[in-house]
2 protein chains.
Amino acid sequence: MSDRRAQILDAAATLIAERGFTSTSVDDVIKQARLSGKSHFYHYFKSKEELGYEVLNRQFERFAERGLAILREPMIDPLERLALFIDAVVALQVEHGARRGSPFGNLAAEMADAHEGFRVRIEAVFERWASQIRSLLWEARPQLHDDVDAVRLSRFIIAALEGAVLMTRVKRDISVLEGIAADLKRFVAMHTRDAAGIQAGFPMAGLGGRREA
Amino acid sequence: MSDRRAQILDAAATLIAERGFTSTSVDDVIKQARLSGKSHFYHYFKSKEELGYEVLNRQFERFAERGLAILREPMIDPLERLALFIDAVVALQVEHGARRGSPFGNLAAEMADAHEGFRVRIEAVFERWASQIRSLLWEARPQLHDDVDAVRLSRFIIAALEGAVLMTRVKRDISVLEGIAADLKRFVAMHTRDAAGIQAGFPMAGLGGRREA
DNA sequence: TGCCATTTGGACCATACAGTCCTATCTTGG
DNA sequence: CCAAGATAGGACTGTATGGTCCAAATGGCA
């Protein structure tokens, strides 16, 4: 990929993270990337939509390298890796002063109902993310209780993190995310064999719960 | 409040839920509400921004009546109420075929960084929501473990629900939300006294966790 | 040298948008 | 019945937007 292309993609990624896709104009991107004009931009991208798709791709690749990679570290215990990954999500938000939030969550909220092309691509992103967690959970299965549902647990983790990042952004307070991250770790720990006997006898105190795991 | 005003607010609420605030034009609202023209609209609202604020207010009032009210039902056990509330959130999404998502979460993702006026109002919404859950948790305190942090737990519940609703919208699959809702109930149950002995000895299996509750 | 991708610069278009202004009718309660 | 608010209809402004088209210059590489 040419330098220019990457430069445009980076500029667009920043702007979209800050303002959203709709509120980022092609002219804004041109300015941010210091291009000479529209023709220069359209030499590299056939439309704003295509730019959006590629930005999303790039964001996911970056996230796969910087975040998801932790989930695959071969020398670390899988559940430990999961904890480190959660810490990494927190660290990423700290980097931007609890602003911007998640590029995937933001785009999802903005485009999911309005633009099918984006919707399916964001769905794919979450699916690849979930799949990484599922693999890890599979690896950790000797430590996990038998009836752990990896599909559900992976979704829960992602949802909790996305929700936490959003609330953190609204409150502009990183400690919101930190608290939820800690609680999320406890929730995962709840699924480990050590606590198995406990779980088995869980009374669901007034929560009307049969266990549907 | 005049009928017309309410009618405009409802029309706008629908459109904003479907497309977001930025992508909803005043003309769209006028059309949806069957007004005669711009002057008619501006007779009731001084700007699009003001309309947005009032829509947010109205959405929260509706949510307070239809959802949050459950948290206050005096004749039902508090933790049972919490479970019913979570069910109500699921039911609300079912109603719209897993589309639209949360009006608060959507607006948050769209506006939090870009528009301080909206940010503080959304923050207030989440705060009022959290405060309702905190009250409930306070009521339930005889059933809860001593070191339950109501502030943190209430935030966790909201974050998990908001994240779940978002993922559900992206996947267009209500079962995502259903699974997370069930898991969330289990997480809450984890904080009850019945399971207290268990919790005390929680080993945090490989999750590097001291308990910071 | 000559080709091709890159870069520059700008004109141009159709559409959309928030918001203003003006005028002329209704409708209704005092 | 009359004033005041509600409704109707439209013209208009200034700005932004995604996208197209064209012409010319620059650069490296075969």
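Every chain is numbered from 1, with letters handed out A, B, ... down the list of sequences. Computed from a predicted structure; not experimentally measured.
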State yes or no: are the ring centers of W129(B) and F63(B) separated by less than 6.0 Å?
yes

Represent DNA chain C in dot-bracket notation, 5' to 3'. Only Watson-Crick or G-U wobble pairs with both distances under 3.5 Å count; pseudoknot-style crossings use [ ] and interstrand partners use |.
||||||||||||||||||||||||||||||

Salt bridge check: are E123(A) and R119(A) linked by an N-O gap of less than 4.0 Å?
yes

Scan the side chains in residues 18-29 of chain B for donor-acceptor partners under 3.5 Å anywhere in the protein, sequence neighbours excluded, and list what turns up.
| from | atom 1 | to | atom 2 | distance (Å) |
| --- | --- | --- | --- | --- |
| E18(B) | OE2 | R100(B) | NH2 | 3.3 |
| R19(B) | NH1 | D28(B) | OD2 | 2.9 |
| T22(B) | OG1 | E110(B) | OE2 | 2.7 |
| T24(B) | OG1 | L15(B) | O | 3.4 |
| T24(B) | OG1 | G20(B) | O | 2.7 |
| S25(B) | OG | D27(B) | N | 3.4 |
| S25(B) | OG | D28(B) | N | 3.0 |
| S25(B) | OG | D28(B) | OD1 | 3.3 |
| S25(B) | OG | D28(B) | OD2 | 3.1 |
| D28(B) | OD2 | S25(B) | N | 3.2 |

Interatomic distance where CG belongs to D3(B) and C1' belongs to dT7(D) [whole Å]:
14 Å

Nearest-Å distance, CG (L15(A)) to P (dA16(D))?
16 Å

Have a look at T24(B) and say if it touches a base, only the backbone sugar-phosphate, or nothing, with a 4.0 Å heavy-atom cut-off.
sugar-phosphate

Just by distance, no angles: are the side chains of H115(A) and E49(A) close enough, under 3.5 Å, to form a donor-acceptor pair?
yes

Do the side-chain N or O atoms of S25(B) get closer than 4.0 angstrom to the phosphate oxygens (OP1, OP2) of dA16(C)?
no

Using a cut-off of 6.0 Å, state whether more than 12 heavy atoms not belonging to R141(B) lie near its atom CZ.
yes

Round to a whole Å and report the spacing from CZ of F41(A) to C1' of dG10(C).
18 Å

Of K38(A) and H43(A), whose nearest nucleotide on DNA chain C comes first from the 5' end?
H43(A)

At under 4.0 Å between heavy atoms, which parts of nucleotides 22-30 of chain C does protein reach? Answer with one letter per nucleotide, 5' to 3': B base, S sugar-phosphate only, - none.
B--------

Selected nucleotide, minimal atom distance to Y44(A) side chain, candidates dA6(D), dT7(C), dG19(D)
dT7(C)

OP1 or OP2 of dT7(C) under 4.0 Å from side-chain N/O of R4(A)
yes

Separation of dC21(C) atom P from K46(B) atom NZ, nearest Å, is 15 Å

Can you measure I30(A) atom CD1 to dG18(D) atom C1' for me and round it to whole angstrom units?
10 Å

Would you say the side-chain atoms of R121(A) and N57(A) include a donor-acceptor pair closer than 3.5 Å?
no

Between D10(B) and R62(B), does any NZ, NE, NH1 or NH2 come within less than 4.0 Å of an OD or OE carboxylate oxygen?
yes

Assess, by modelled atom type and distance only, whether the side chains of R34(A) and H40(A) contain a donor and an acceptor separated by less than 3.5 Å.
no

Ring center gap for F156(A) and F187(B) short of 6.0 angstrom
no

Please report, rounded to the nearest Å, how far the C1' atom of dG10(D) is from the NE2 atom of H40(B).
15 Å

Which nucleotide sits closest to the side chain of V26(B): dA18(C), dT7(C), dG18(D)?
dA18(C)

Picking from dG19(D), dT6(C), dG19(C), which would you name as closest to the side chain of K48(B)?
dG19(C)

Rounded off to whole Å, could you give me the CG-to-P distance for the D28(A) and dG19(D) pair?
14 Å

Look at the side chain of S36(A) and decide which nucleotide, out of dG18(D), dA8(D), dT8(C), has an atom nearest to it.
dT8(C)

With nearest nucleotide decided by heavy atoms, which residue, S23(A) or R34(B), maps closer to the 5′ end of DNA chain D?
R34(B)

Taking any heavy-atom pair under 4.0 Å as a contact, classify F45(B): base, sugar-phosphate, or nothing.
nothing

Can you check the D27(A) CG to dA11(C) P distance for me, whole Å?
14 Å

Is it the case that the side chains of E162(A) and S102(A) hold a donor-acceptor pair, with the cut-off being a distance below 3.5 Å and no angle test?
yes

